[in-house]
Amino acid sequence: MADSDSGSTLSNLVLLFIFSLFSWIASLLMVFGGAAPYIPQYRHIQRSGNPEGFSTYVCLMLLVANILRLFFWLGRHFELTLLWQSVVLIITMLALQHLCCSLETSTRVSTKKHFFTDFEPRYFWNWSRFVDYVQFCLFFSVFCLVITYLLIDSQLYVESLGFAAVLTEAMLGVPQLLQNFKNKSTAGMSVKMVLLWSLGDTFKTAYFIINDTPMQFWVCGIIQICTDIAIFLQVFIYGQGTPKKYF
């Protein structure tokens, strides 16, 4: 009888260890998996020396979404895994934006420079220095901090902040979708990035549903999956040839 109890206890411990291991792996995938799709895109831009096929508004969308998500956490403490995911994504987007900005600056013909502090709407997110993008992120973060400090006790504000964060993230593929439509080509866009987007969005949507995260998160995931499918259709329709020019 004692041997049977010992065997049962050992089996339970093994199952608990396996469950904990899978849970730990899933958490790591959630933290770093969101940044993984941008590695092939980063390398593609680095090799070609041309960032034109990639919409840097993707970086803008993810930076805004994840800064908002950090402040959403202050009002509603969701999983720390998702909080760390936001930190990793912010760092990743800044690195990708830095690469694009450096290449655009080196190939820019015009000597006219544009800065964030000029506050010219037509040059928004088309500034001459990487530091301008950092200044925007800091300005936006301070603005969110002040508003959140004043309205942290408002449930309506907190939930709205969450919806704003995930809705912005859900739209992250839209700039690339529009860029491809404008060029009538997917040249310069890494198909591996979109493939990893699709895999990651499917995984994280399932993760959100299984872990009973706030509704905002899994609604965001479903919208992203639909956008990924639309971009894949563009790959088949337009191909990756030279973008069409219109004069």
Side-chain angles (χ1 to χ4, degrees), residues 27-71 73 80-108 113-117 123-144 165-166 168-180 186-201 203-204 220 224 227-228 231:
S27 295
L28 279 180
L29 286 173
M30 283 299 297
V31 171
F32 296 102
Y38 302 98
I39 296 174
Q41 182 65 63
Y42 187 96
R43 294 182 64 187
H44 181 83
I45 294 172
Q46 200 173 41
R47 283 197 304 268
S48 66
N50 184 0
E52 287 184 7
F54 173 70
S55 174
T56 56
Y57 285 101
V58 171
C59 298
L60 170 64
M61 301 288 274
L62 270 180
L63 284 168
V64 169
N66 285 282
I67 289 171
L68 288 174
R69 193 196 284 186
L70 293 180
F71 288 100
W73 185 85
L80 280 175
T81 298
L82 300 179
L83 186 68
W84 282 111
Q85 182 193 57
S86 291
V87 173
V88 170
L89 277 169
I90 288 171
I91 294 170
T92 304
M93 288 304 101
L94 287 174
L96 187 53
Q97 185 64 52
H98 177 266
L99 175 65
C100 293
C101 186
S102 299
L103 292 173
E104 286 172 354
T105 300
S106 64
T107 58
R108 188 176 282 122
K113 295 184 180 295
H114 309 290
F115 307 112
F116 168 67
T117 49
Y123 294 116
F124 178 76
W125 212 251
N126 191 29
W127 301 305
S128 302
R129 307 170 305 172
F130 173 66
V131 69
D132 293 295
Y133 297 92
V134 176
Q135 286 175 349
F136 167 80
C137 291
L138 291 173
F139 177 84
F140 183 68
S141 298
V142 171
F143 174 78
C144 290
V166 296
T168 305
E169 184 176 350
M171 295 292 107
L172 82 90
V174 174
Q176 189 63 56
L177 191 74
L178 295 175
Q179 180 91 352
N180 296 341
T186 58
M189 181 197 76
S190 170
V191 177
K192 290 179 182 178
M193 176 187 74
V194 184
L195 177 61
L196 290 172
W197 267 357
S198 302
L199 294 173
D201 292 339
F203 173 80
K204 74 180 182 183
C220 160
Q224 285 180 294
T227 307
D228 297 338
I231 295 176

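Everything quoted here is computed from the prediction, not taken from an experiment.
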| Could you state the interatomic distance from CD (E169) to CG (D201), rounded to the nearest 0.5 Å? | 8.0 Å
| query | Does a side-chain heavy-atom distance below 4.5 Å link H98 with S102? | reply | yes
| field | Approximate separation, where rounding is to 0.5 Å, of L89 CG and Y38 OH | value | 7.0 Å
| field | Nearest-0.5 Å distance, CG of residue L177 to OG1 of residue T186 | value | 11.5 Å
| remark: I231 and G173 have their tightest heavy-atom pair at CD1-O, 3.6 Å
| Taking all non-hydrogen atoms of both residues, which atom of R129 and which atom of C101 are closest, and how far apart? | C-SG, 3.6 Å
| field | Within-4.5 Å side-chain heavy-atom neighbours: Q85 and R69 | value | yes
| query | So, does S128 use its side chain to make a donor-acceptor pair with the main chain of H114 at under 3.5 Å? | reply | yes
| field | Separation of L99 CG from L103 CG (nearest 0.5 Å) | value | 5.0 Å
| query | What pair of heavy atoms forms the shortest contact from F54 to C100, and how long is it? | reply | CD2-SG, 4.0 Å
| For atom CZ of F124, is the number of surrounding heavy atoms from other residues, nucleotides or ligands below 6.0 Å larger than 12? | yes
| note | In this structure, CD1 of I67 is separated from CG of L62 (nearest 0.5 Å) by 10.5 Å
| task | In sequence, state the C-alpha distance, the side-chain angles, and the governing distance for W84 and V87, and then conclude on side-chain contact (heavy atoms from CB on, under 4.5 Å). | result | CA-CA 5 Å; W84 282 111; V87 173; 4.3 Å; yes
| task | Tell me, with the steps shown, if L60 and T56 meet side-chain contact (heavy atoms from CB on, under 4.5 Å). | result | CA-CA 7 Å; L60 170 64; T56 56; over 6 Å; no
| task | Verify side-chain contact (heavy atoms from CB on, under 4.5 Å) between F115 and Y123, making sure each step is shown before the conclusion. | result | CA-CA 8 Å; F115 307 112; Y123 294 116; over 6 Å; no
| request: Specify the closest pair of heavy atoms between C59 and Q97, including all atoms of both residues, with the distance to one decimal. | output: CB-OE1, 3.5 Å
| Mind checking whether F136 and F140 have parallel, tilted or perpendicular rings, split at 30° and 60°? | parallel
| said: Could you report the tightest heavy-atom contact between W125 and L63, atom names first, then the distance? | reply: CH2-CD1, 3.8 Å
| request: Heavy atoms only: give me the nearest L68-A165 pair and the separation to one decimal. | output: CB-CB, 3.6 Å
| field | Interatomic distance, L70 atom CG to L82 atom CG [nearest 0.5 angstrom] | value | 11.5 Å
| task | Examine the side chains of N180 and Q176 and answer whether a donor and an acceptor come within less than 3.5 Å of each other. | result | yes
